[in-house]
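Note sheet for the following structure.
Numbers for residues simply follow the sequence, beginning at 1. Indexing begins at 1, ligand by ligand and atom by atom, following the structure's order. Quick caveat: nothing in here was measured; it's all calculated off a predicted structure.
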Amino acid sequence: MDKVYIFDTTLRDGEQSPGASMAIEQKLEVAKLLANIGVDIIEAGFPISSPKQFEGVKRIAESVEGPTIAGLARTLEKDITTCYEAIKPAAKKRIHTFIATSDIHMTHKLKKSRDEVLKLATEAVALAKSMVEDVEFSAEDATRSKWEFLRDVYTAAIDAGATTINIPDTVGYTVPDEYAELVKYLLKNVPGIENVIISVHCHNDLGLATANTLRALITGARQAEVSVNGIGERAGNASFEEVVMSLKTRKDIFNLNSDIKTEYIHHLSKIIVNFTGIPVQPNKAIVGENAFAHEAGIHQDGIIKHRMTYEIMTPQSIGRQKSLLVLGRHSGKHGLKERLNELGYVLKDESFKKIYERFLELADKKKGIFDEDLHALVEEELKILPQIFSLVYFSVMTGNKLIPTATVKLKKKSKVYQEAATGDGPVDAVYQAIEKITDTPIKLISYAINAVTHGKDAMGGVTISVERNNKIYRGYGVATDVIEASAHALLNAINRILYNSMEIE
Ligand code: KIV
Ligand code: ZN
């Protein structure tokens with residue numbers, strides 16, 4: 001089976017996404033993860049473009065072992081020498097030089113003739129070759145360039161010493177069959193092409209970046225330029241995880257291998273979201289939140305009976321724990337029972353029947369049913385969690401010029417306790433008062449609010465997790481008033497702490 005070289009450009013083209021810039025320490029961390037996951041080439045940045053870019057590439061070259069470290073350079077002497085200085089410390093280094101070859105770019109952007117572009121490309125590759133053995137040449141906007149001119153430019157680049165020739169679909173314009181035809185044309189017409197690696201670099205303007213990349217690989221390209229989560233200029237680049245998992249999942253079609261340890265993909269994706277602040281859409285292939293989530297009852301039933309009825313790869317193969325059966329109004333009894341079992345509840349038929357009825361009522365009101373809801377349903381039904389403290393009354397005074405102050409009354413057995421407290425906001429003030437009465441200080445770890453029903457009078461559901469004595473406890477509360485829902489959520493968590501038998505780590 002042939003190997004596909006994975007050239008990751010998350011730190012270069014990916015970082016060119018609006019607002020995606022990363023700190024140098026973060027880039028270093030990403031580069032180490034890329035090395036660990038088995039990437040062959042890391043394009044660490046564009047050294048001439050700023051001192052920070054230079055520093056980032058240099059630091060990666062100094063400390064990341066394993067992959068080849070590449071830097072980007074235009075066909076200018078200063079770009080190439082600066083790139084070389086940045087990548088110099090790497091054990092394996094590559095200069096990636098590029099110039100546009102389409103008429104539209106040459107006329108309007110570069111204001112250069114074909115001959116001038118050809119000369120610049122040749123000289124740049126030769127200069128890079130005098131510094132490093134490994135030189136990549138890209139004809140920017142290749143897919144909108146005249147094929148005969150591309151043939152001439154790539155021929156000259158190979159003659160001058162390029163070891164990889166890249167065919168960028170810079171503006172995401174091509175379609176799979178056309179791209180394949182271009183690769184075939186170059187394979188047939190560029191002398192010496194059999195001695196170099198053909199690389200593909202696809203942008204996603206028409207949503208075809210992964211498809212184009214894969215089609216070119218089938219046709220003979222052996223390097224895929226990709227970015228994690230598909231981030232990059234405009235609509236982004238071909239996505240690392242989509243290309244790699246397609247090769248792995250459809251080996252029967254591609255008969256190609258990559259060295260990627262796919263079980264680290266999920267973690268890598270999360271880190272990129274974290275560092276760049278660019279979220280992944282929930283239905284994104286492979287790494288989206290819902291990529292392994294099933295809601296329809298028929299699907300859940302199928303998954304429970306045999307996972308491969310609705311999943312073509314395992315969540316574990318990309319490092320996720322397990323498929324998620326999202327409970328909602330489409331879930332059947334089977335799905336609910338399975339989830340309750342996973343949560344540790346083995347229920348008698350009678351209890352399950354009642355919980356199922358309550359579950360259906362809740363599913364009509366709420367978009368998705370989460371574990372907290374199920375805990376609450378079971379606790380209520382089985383009277384597992386006694387109401388040690390319950391809310392009798394609360395009032396809050398708040399405003400933009402007032403210190404939020406809450407008065408809370410709680411009942412324990414038949415006795416009513418009252419406290420007042422101030423806080424950073426109305427919820428905090430109520431929480432301070434509750435903590436005083438129950439004598440149970442906690443650290444709030446997370447607080448999430450969502451509308452349980454629709455409209456202006458929607459019920460608000462508050463889910464919190466709190467820490468006490470190094471243990472995490474969850475709480476859930478519902479009310480039309482979000483402060484009241486917050487109070488119920490904290491009381492739910494505190495009752496759990498006090499009862500201390502439903503702890504979860
Ligand atoms: O999209 C593009 O053409 C590029 C080149 C620099 C390879 O990113
Ligand atoms: Zn690009």
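L150 and A139 make their closest contact through CD2-CB, 3.6 Å (heavy atoms, listed as atom of the first residue, atom of the second, distance).
For R12, the heavy-atom gap to ligand 1 drops under 4.0 angstrom.
The contact set between ligand 1 and H203, taken as ligand atoms under 4.0 Å from a residue heavy atom, comprises 1 (O). Listed by number with element, the atoms of ligand 1 under 4.0 angstrom from any heavy atom of E140 are 3 (O).
A donor and an acceptor atom, one from each side chain of S465 and S446, are located under 3.5 Å apart.
Summarising the local packing, CD of E194 is surrounded by more than 12 heavy atoms from other residues, nucleotides or ligands at distances under 6.0 Å. Residue K129 qualifies as enclosed at atom NZ: its count of foreign heavy atoms under 6.0 Å is above 12. The local environment of CD1 in I298 is sparse, with at most 12 non-hydrogen atoms from other residues, nucleotides or ligands closer than 6.0 Å.
Considering backbone and side-chain atoms alike, H96 places every N or O at 3.5 Å or more from each N or O of ligand 1. In terms of polar-atom proximity, E225 is not counted as a contact of ligand 1, lacking any N or O under 3.5 Å from an N or O of the ligand.
Of the heavy atoms in T170, both backbone and side-chain atoms come closer than 4.0 Å to ligand 1. The proximity of E233 to ligand 1, defined as any non-hydrogen pair under 4.0 Å, does not occur for either the backbone or the side chain.
The Zn ion (ligand 2) has an N, O or S atom of D13 inside 2.8 Å of it.
A salt bridge links K184 with E181: the closest approach of a Lys/Arg side-chain nitrogen to an acidic carboxylate oxygen falls below 4.0 angstrom. Using a 4.0 Å cut-off between a side-chain N of Lys or Arg and a carboxylate O of Asp or Glu, K119 and D115 do not qualify as a salt bridge.
With hydrogens left out, the protein atom closest to atom 4 (C) of ligand 1 is H201 NE2, 3.5 Å, a heavy atom.
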